[in-house]
Each structure stands twice: as C-alpha cells, then as structure tokens.
Amino acid sequence: GESVGLHLPTLSVQEGDNSIINCAYSNSASDYFIWYKQESGKGPQFIIDIRSNMDKRQGQRVTVLLNKTVKHLSLQIAATQPGDSAVYFCAENGSNTGKLIFGQGTTLQVKP
Amino acid sequence: GAVVSQHPSWVICKSGTSVKIECRSLDFQATTMFWYRQFPKQSLMLMATSNEGSKATYEQGVEKDKFLINHASLTLSTLTVTSAHPEDSSFYICSVLPGGNKRGGFFGPGTRLTVT
C-alpha cells in the first residue's frame, strides 16, 4: 500500500550546522509533497512544499530536494538554531483531494 | 497561512462518556476539513474528511458511529468521540482546506483527549 517513511528517527546537530532530514515515499504517482514542523503539544506547521515537476525548492533557510527516480525527499535546514528543535514530518498528497499521508517523523535535536 | 482553532485544547473524561471537539476556520470559508489522530511519538493518521453540507467520509478502520463528524457551516466542523475508552486517548488535530485548494491544508493546534 501507500506509505511515506523516514530513514532517521532522531537527528542531533550542533547549533549553526546544517541539518538534513530524509524521507522515502512509495507511491510513484504522488505529485505533491509537504514538510511540516511539529513542536511538542502543537499542530503541524507548514514549512515548505514541492510539486513533482520540480527537483528543488528553496525557502528561508530551508531547501527541499525531490528525487523521483528513487522516490526520495529531503529537507535541508541551514544554520540550524535551537528553535528548530522539533519533530519534522514529510507528507504526500497524490490524490488531489487534500488528504495527506504522513511519514513517521524525525526528531531534530539542536545542541547549543 | 490560514488560522485554525480547536476547542478545547485538552480534555479529560471518564470511560463511557462522549466528548465533542470543535475545529474552526477563522479567516476563510472551508468547504473541506480533515480530522487526524496522533498517538504519542507517532505520526498523524487521517481519520475522516469532513464536507460542509454532506456526510463525512471515513478512512478504512475508523468507526463512523464512534467518531461522529458534523460540518454544519463553512467555518466549523465538530468531532464527537462517543462512549470514549482509554484507548481513544490521543491528540486529535484538524486541518482545513480553503475552497479551491486541493493540495494541502492548514492545521489546528490540536486537542489532547485523555480518557480515564
């Protein structure tokens, strides 16, 4: 069935370093992907999205890369800050309905 | 992004009672809302799609008679957990889909339900 998974459950980085969070998806028909940040006890917060007709999209301090050949998605955070500490989820929407399939989540810990 | 609120933010109830959770879209009309459930240290799982003016559609394995959804207006959807049991304890999160946007959603802050 459809699934979206993550390679690393926990990522610990030093403040100021760059972070890379990975995600694998299995539905080759998926054409829209979103990265969310979720802080403890809160709802997911939109970070950045990308459509399948793109390989890369940049935002403020964040970059999403999409490799459709191997069905892999990554989120890069530049100059990671303590405020970036949270759980990060990738999500997939392949049905054009707004239904999102979430990956397992990666906890990002930023050490001062 | 859109502003979405949920009420209550947390609730404790006894087994066998029912609990209603509200999801409000504060700055736009939402024809579609989604309800997700998240257990501790797990990902979000879609429960159902709430459609304004029509019946909700439920994901496989979600009991529609236990999780009642009402989307009576373009700004409000409610989820009622009926005859709650401890295993229903979870974080319930709604997301809204602005009219015409079929690609993603904006999430509410979530409601923590604890059933004792």
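Each chain gets a letter, A, B and so on, in the order its sequence line appears, and its residues count up from 1. Note that these values count all heavy atoms, side chains included, but never hydrogens, waters or copies made by symmetry.
For the ring-ring contact (aromatic ring centres under 6.0 Å, His included) criterion with Tyr36(B), the lone passing option out of Tyr36(A), Phe89(A), Phe102(A) is Phe102(A).
In terms of heavy-atom pairs under 4.5 Å with chain A, the best-connected choice from Lys41(B), Gln6(B), Gln38(B), Gln42(B) is Gln38(B).
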**OP:** Evaluate side-chain contact (heavy atoms from CB on, under 4.5 Å) for Phe107(B) paired with Gln45(A), printing each intermediate quantity in order.
**Re:** CA-CA 7 Å; Phe107(B) 284 84; Gln45(A) 176 186 354; over 6 Å; no

Subject >> CA sep, side-chain torsions, deciding dist, call: Gln38(A), Phe91(B), side-chain contact (heavy atoms from CB on, under 4.5 Å) >> reply: CA-CA 13 Å; Gln38(A) 186 179 31; Phe91(B) 195 48; 3.9 Å; yes

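The environment of CD in Glu87(B) is crowded: more than 12 heavy-atom neighbours from other residues, nucleotides or ligands sit within 6.0 Å. Crowding of Lys68(A) atom NZ: a count of heavy atoms from other residues, nucleotides or ligands under 6.0 Å exceeding 12.
To the nearest 0.5 Å, atoms CD1 (Ile101(A)) and CE (Met45(B)) are separated by 9.0 Å. Within the model, atoms NZ of Lys99(A) and OG1 of Thr32(B) stand 11.0 Å from one another, a figure rounded to the nearest 0.5 Å.
Val62(B) and Phe34(B) are assigned to two separate hydrophobic clusters, defined by single-linkage of ILVMFWY side chains at heavy-atom distances under 4.5 Å. Under the 4.5 Å side-chain heavy-atom criterion for grouping Ile, Leu, Val, Met, Phe, Trp and Tyr, Leu74(B) is not connected to Phe106(B) through any hydrophobic cluster. Residues Ile77(A) and Leu65(A) do not share a hydrophobic cluster, clusters being chains of Ile/Leu/Val/Met/Phe/Trp/Tyr side chains in contact below 4.5 Å. Under the 4.5 Å side-chain contact rule for hydrophobic residues, Leu26(B) and Leu79(B) do not share a cluster. Hydrophobic clustering, with ILVMFWY side chains joined whenever heavy atoms are under 4.5 angstrom apart, keeps Met33(B) apart from Leu113(B).
Of the two parts of Ile34(A), only the side chain, counted from C-beta on, holds a non-hydrogen atom closer than 4.5 Å to a non-hydrogen atom of chain B. Contact of Leu46(B) with chain A is made through the side chain alone, with heavy-atom distances under 4.5 Å. With a threshold of 4.5 angstrom between heavy atoms, Asp49(A) does not approach chain B through any atom at all.
When atom types are taken as modelled, the side chain of Ser43(B) and the backbone of Gly105(A) share no donor-acceptor pair closer than 3.5 angstrom.
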